[in-house]
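Working notes, structure below.
Atoms within a ligand are numbered from 1 in the order they appear, just like the ligands themselves. Every heavy atom of this structure was used, including side-chain atoms; hydrogens, water molecules and symmetry mates were not.
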Amino acid sequence: MSRTMAQHDLRIVALRRLSEAHLAALQAVAQVDYFDELHDGNRAEYDAALARAHGLIGGKLELDDAALERAPQLKVVSTISVGYDNLPLAAMNRRGILLCNTPDVLTETTADTAFALIMATQRRLVELSCMVREGRWQNHVGPQHFGHDVHGKVLGIVGAGRIGAAIARRAAQGFNMPVLYAASTPKPSLEQQLGAERCSLDELLERADIVCLSVPYREDTHHLIDAAALARMQPSAALINVARGKVVDEQALIDALQRGVIRAAGLDVFEQEPLNPDSPLCRMDNVVVLPHIGSATHETRAAMAVRAVANLINALTGRGEVDAVNGGVLADDPR
Ligand code: NAP
């Protein structure tokens with residue numbers, strides 16, 4: 001379904017995740033073409049709207065170099081996410097298109113999701129809950145159903161940025177966990193406030209009981225966790241991924257889980273999403289799979305949309321602050 005709301009000279013294409021109130025705020029400054037989903041039936045209409053648009057806003061934006069070429073007026077892209085690996089940043093930089101994202105507002109919720117995965121994989125929550133629901137709980141649980149502690153275990157954070165730091169706080173302050181982190185730059189606040197220890201990725205993989213990924217997906221983080229990295233982990237260790245699927249070589253992970261190279265995995269993200277239900281990951285008791293819900297709470301998704309709408313309006317009208325990913329493009333732009 002698409003709706004066209006006429007106003008002003010500016011034109012905006014809005015895609016997914018926007019309420020009537022958000023659309024009304026956008027409509028106050030521009031004509032808005034809203035698409036709550038993209039499919040074969042409205043793809044041509046979307047392309048035509050994009051060709052006229054000055055601004056694009058939405059979640060899971062679909063934009064590649066070719067689409068950018070068909071959008072000669074585009075000045076601002078406002079993604080309702082903190083990650084922007086789905087967007088052609090280099091081409092946007094060349095074209096002087098400003099990219100805005102929604103950092104901070106999703107940090108705590110995504111850290112909650114990571115911790116939910118940590119708890120679920122260590123204590124085998126999904127597997128044992130299924131046992132109850134399916135009528136297989138017939139005797140007292142024995143060692144074959146025991147899990148592993150969370151408190152006191154060594155947590156290794158790969159990507160100690162906003163989300164990584166929030167996971168580290170939960171671990172150190174809530175669960176008395178020693179925290180290791182691998183990062184290109186030292187994080188003195190993590191070290192001073194949480195006693196976190198910086199080490200190389202290899203050392204982190206070797207020492208951590210739980211390895212948690214919260215790095216952005218880029219060329220240099222593609223398959224950062226591959227067969228060799230998994231082989232460095234302890235056989236009792238768990239891998240948690242709330243970053244992006246392609247940070248992990250998924251086939252290597254499946255092999256490692258099947259061969260007992262590592263014990264368990266908790267995954268919110270996958271190389272292909274939605275995950276194919278035929279994936280071995282869906283059939284392994286030692287794997288918890290989630291449908292990419294890192295930031296998916298009512299409160300956080302609403303806050304992200306508010307932030308993205310403000311970013312787009314402020315960027316198009318020059319009225320206020322924006323969360324700019326590539327603020328440099330504004331330097332020689334008279335907008
Ligand atoms: P952020 O504050 O930019 O943190 C990312 C951190 O990763 C930075 O501190 C950076 O370290 C570090 N890093 C980059 N490359 C690295 C590498 N090769 N090895 C180790 N560390 C590396 O971003 P954020 O807000 O925490 O978000 C992180 C990512 O989480 C996003 O890009 C997004 O893809 C993902 N995410 C997923 C969900 C979900 O639904 N599952 C939700 C939100 C975000 P330096 O500071 O040293 O450069």
Check the side chains of His223 and Gln251 for a donor-acceptor pair under 3.5 angstrom, ignoring hydrogens and angles. no

Taking atom 18 (N) of ligand 1 as the reference point, the nearest protein heavy atom with its distance: Thr221 CG2, 3.7 Å

Provide, to 0.1 Å, the distance between atom 20 (C) of ligand 1 and the closest protein heavy atom, together with that atom's residue and name. Ala182 O, 3.3 Å

For atom 12 (C) of ligand 1, what's the nearest protein heavy-atom neighbour? Residue, atom name and distance, please. Gly159 CA, 3.7 Å

Which ligand 1 atoms are under 4.0 Å away from a heavy-atom of Ser184? 11 (O), 45 (P), 47 (O), 48 (O)

Among Thr109, Thr102, Val82, Leu213, which one puts a heavy atom closest to atom 44 (C) of ligand 1? Val82

heavy-atom search around atom 6 (C) of ligand 1 in the protein gives Gly161 N, 3.6 Å

Mind checking whether Arg244 contacts ligand 1 via backbone (N, CA, C, O), side chain (CB onward), both or neither, at a 4.0 Å heavy-atom cut-off? side chain

Proximal atoms of ligand 1 relative to Ser295 (non-hydrogen, under 4.0 Å): 40 (O)

Name the closest protein heavy atom to atom 35 (C) of ligand 1, giving the residue it belongs to and the distance to 0.1 Å. Ala243 O, 3.7 Å

Would you kindly specify which portion of Pro216 sits under 4.0 Å from ligand 1, judged on non-hydrogen atoms: side chain, backbone, both or neither? both

Counting only nitrogen or oxygen atoms and a 3.5 angstrom limit, does Asp268 reach ligand 1? yes

Salt bridge between Lys246 and Asp85, side-chain N to carboxylate O under 4.0 Å? no

When you compare the side chain of Leu205 with that of Ile225, does any pair of heavy atoms fall below 4.5 Å? yes

Backbone N/O of Val215 and side chain of Arg244: donor-acceptor pair under 3.5 Å: no

Please determine whether a side-chain nitrogen of the Lys or Arg among Arg170 and Asp112 lies less than 4.0 Å from a carboxylate oxygen of the Asp or Glu. yes

Under 4.5 Å between side-chain heavy atoms, hopping through other hydrophobics if needed: is there a path connecting Tyr217 to Val211? yes

Could you check whether any side-chain heavy atom of Pro291 comes within less than 4.5 Å of a side-chain heavy atom of Phe270, counting everything from C-beta outward? no

With heavy atoms of Arg218 as the reference, note each atom of ligand 1 found under 4.0 Å away. 14 (C), 15 (N)

Can you tell if the side chain of Leu61 reaches within under 4.5 Å of the side chain of Leu15, non-hydrogen atoms only? yes

Once rounded to the nearest 0.5 Å, what's the spacing between atom CZ of Arg218 and atom CG of Leu224? 10.0 Å

Any N or O on Arg162 sitting closer than 3.5 Å to an N or O of ligand 1? yes

Element-labelled atoms of ligand 1 that are located less than 4.0 Å from some non-hydrogen atom of His292: 39 (C), 40 (O), 41 (N)

Whether Ser214 lies under 4.0 Å from ligand 1, heavy atom: yes

What protein heavy atom sits nearest atom 46 (O) of ligand 1, and how far off is it? Lys187 NZ, 2.5 Å

In ligand 1, which numbered atoms sit nearer than 4.0 Å to a non-hydrogen atom of Ala160? 9 (O)

Of all the heavy atoms in Val242, does at least one lie under 4.0 Å from an atom in ligand 1? yes

Test of understanding: given a 4.0 Å heavy-atom threshold, classify the contact between Ile163 and ligand 1 as side chain, backbone, both, or neither. both

Do side-chain atoms of Gln122 reach the backbone of Asp149 as a donor and acceptor pair under 3.5 angstrom? yes

Under 4.0 Å, heavy atoms only, figure out whether ligand 1 is touched by the backbone of Thr110, its side chain, both or neither. side chain

Below 4.5 Å, heavy atoms only, C-beta onward: do Ile80 and His22 meet side chain to side chain? no

What I'd like to find out is whether the side chain of Arg263 reaches to under 4.5 Å of the side chain of His148, using heavy atoms alone. yes

Ligand 1 N/O within reach of Val158 N/O, cut-off under 3.5 Å: no

Taking C-beta and beyond as the side chain, do Ile262 and Leu253 meet within less than 4.5 Å on heavy atoms? yes

heavy-atom search around atom 29 (C) of ligand 1 in the protein gives Val215 O, 3.8 Å

